[in-house]
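First the structure, in the form of structure tokens, and then the observations on it.
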Amino acid sequence: MTSRGGFSDKFGFIAAAAGSAVGLGSIWKFPFEVGNNGGAAFVLVYILCCFVLCFPVMVAEVAIGRKTQKNAVGAFDVLGFKSWRIIGVLGIISGVIILSFYNVVSGWAFGYFIEILKGNFEIGNHFSEFTADITYNSFYSLFFMFMTAYIVSRGVSAGIEKATKIMMPALFIMLISLAAYALTLDYAWEGVKFYLIPDFSKITMPVIYSALGQAFFSLSLGMGALITYGSYVSKENNIIESPVIIILATVGVALIAGLMMFPFVAYNSSGDMTNIPSGPSLIFVTLPKVFESFGAILGIVVGGFFFLLLSFAALTSTVSLLEVPVAYIVDEYKTNRTATVWVTAMLIFLVGIPSMLSAGASDFFTNFITYPNASKATDFLSFVDDVANDTFLPLGGFLISVFTAYFWKKHNLSAEISSGNSSYAGSWVETLLNFAISYICPTILGILFVLTVLNRFFGIVI
Ligand code: TRP
């Protein structure tokens with residue numbers, strides 16, 4: 001590997017990519033999206049999106065990265081398609097936007113970890129005061145950005161890979177223990193039923209848009225993060241197998257996170273699931289009350305583990321988001337990596353200020369925009385989340401599939417995949433993947449992108 005650095009082995013890449021994928025998206029967002037969108041029916045649509053639409057795009061991203069050994073923008077230059085750099089540029093813009101608000105929510109998670117350790121269960125009742133408090137917000141998000149920058153500044157193998165190899169197994173253990181514990185609580189079964197019994201009548205078009213957005217977001221797809229990580233993968237690795245493991249791990253974590261969350265929620269409401277809180281409050285308002293009811297010691301242990309878990313999950317994701325612009329700047333402008341990391345991180349922290357102000361501190365950012373047909377205003381943080389999540393990422397996925405199938409061409413994709421996977425050429429996997437990347441992904445992602453924009457921002461429901 002060149003001086004750009006690289007993952008030291010197959011598990012390094014899988015840990016880093018699964019670390020990027022598993023984050024607030026799977027642990028905080030997924031459970032309540034499931035709860036709001038028809039239970040198991042939503043899970044089915046989500047899983048279908050992951051395997052049918054996201055898997056081919058993921059393989060294409062990793063293949064483009066590994067082939068070119070370049071960042072999300074430079075990769076397209078190396079392949080000889082300068083105008084397709086637009087995919088990378090769009091990706092870097094999405095990455096900066098996502099990191100700017102993601103870091104704020106990560107700061108809340110870490111702040112909660114500290115408060116629970118102090119035994120301050122009351123924080124659940126003061127969620128809106130804390131998020132409206134700019135000192136609290138800026139302190140914790142600055143701290144979180146520091147940790148992210150520290151890991152990224154240490155480089156790909158000594159920083160990102162090493163950190164994720166420690167944090168991911170720890171995260172799995174904490175998650176499984178917490179889920180096992182949650183399932184023993186009173187009313188746990190009511191929560192599980194609410195979570196997993198499918199209601200197919202709830203599968204409407206907007207549910208499908210949400211499932212697709214969630215699939216892209218949770219797999220860190222559509223913005224070149226995996227082109228960047230792919231550029232650090234060795235030519236001996238099998239880049240069909242690793243994405244399968246990454247997707248299975250992400251879907252698995254999301255499913256288990258629901259098995260932990262809903263028993264907690266059901267326990268809190270004594271089994272009454274008709275009026276449960278959703279959105280950010282699910283974690284930040286409800287859970288401290290649950291932990292409090294366990295008594296001081298057990299509450300601090302279980303609650304502390306929970307918010308530590310959430311912080312770990314978020315940190316391995318923010319690291320991947322920061323690596324995308326950093327790799328671009330270092331590759332293209334030959335800058336010093338450490339300096340680039342710190343400057344970029346601090347600039348993105350500043351871009352996050354409107355998001356920090358949007359949970360009560362500033363009226364302008366708190367009631368930022370009212371979508372057509374909506375009864376309430378949407379705050380700035382949720383607005384940029386919607387823009388990045390439901391529109392930029394599927395658009396990125398659409399462009400990547402069109403580029404791969406019709407410009408870079410399928411035989412080049414096959415040749416790259418065959419490195420490290422000698423039985424790929426001529427296999428049924430190749431036939432299916434080529435079919436998906438040429439026809440299924442461009443058509444469905446293209447249509448869904450247009451429909452989502454019409455629906456979200458123009459209030460037109462089709
Ligand atoms: N996948 C992460 C989550 O679910 C978020 C994330 C990290 C991400 N890197 C990304 C999303 C790149 C899109 C693109 O929390």
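Quick note: residue numbers are just sequence positions, from 1. We count ligands from 1, going down the list as the structure has it; atoms in each ligand are counted the same way. Hydrogens, waters and symmetry mates play no part in the numbers below; they use all other heavy atoms, side chains included.
For a threshold of 3.5 Å applied to N or O pairs, the pair formed by Ala225 and ligand 1 contains no separation below that value. At under 3.5 Å, not a single nitrogen or oxygen of Val22, backbone or side chain, sits near a nitrogen or oxygen of ligand 1. The shortest N or O to N or O distance between Met223 and ligand 1 is not under 3.5 Å. Remark: ligand 1 and Gly25 share an N or O pair separated by less than 3.5 Å (distance only, no angle test).
Using a 4.0 angstrom heavy-atom cutoff, Tyr102 counts as in contact with ligand 1.
Nearest approach of Gly25 to Tyr102, heavy atoms of both residues: N-OH, 4.1 Å. Annotation for Met261 and Ile27: closest pair CE-O, 3.2 Å, computed over non-hydrogen atoms.
To the nearest 0.5 angstrom, Trp28 atom CH2 is 7.0 Å from Trp108 atom CH2. Between the CG atom of Leu255 and the OG1 atom of Thr250 there is a distance of 10.5 Å, given to the nearest 0.5 Å.
Scanning the protein heavy atoms around atom 8 (C) of ligand 1, the nearest turns out to be Ser220 OG, 3.5 Å.
Residue-level proximity to ligand 1 for Ala21 is carried by the backbone, the only part with a heavy atom below 4.0 angstrom.
Taking a cut-off of under 4.0 Å to the non-hydrogen atoms of Ser320, the atoms of ligand 1 that pass are 7 (C), 9 (N).
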Output, in order, the C-alpha distance, side-chain angles, deciding distance and verdict of side-chain hydrogen bond (donor to acceptor under 3.5 Å, both in side chains) for Arg456 and Thr391.
CA-CA 9 Å; Arg456 271 246 189 247; Thr391 51; over 6 Å; no
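Taking a cutoff of 4.0 Å between a charged side-chain nitrogen and a carboxylate oxygen, Glu323 and Arg337 qualify as a salt bridge.
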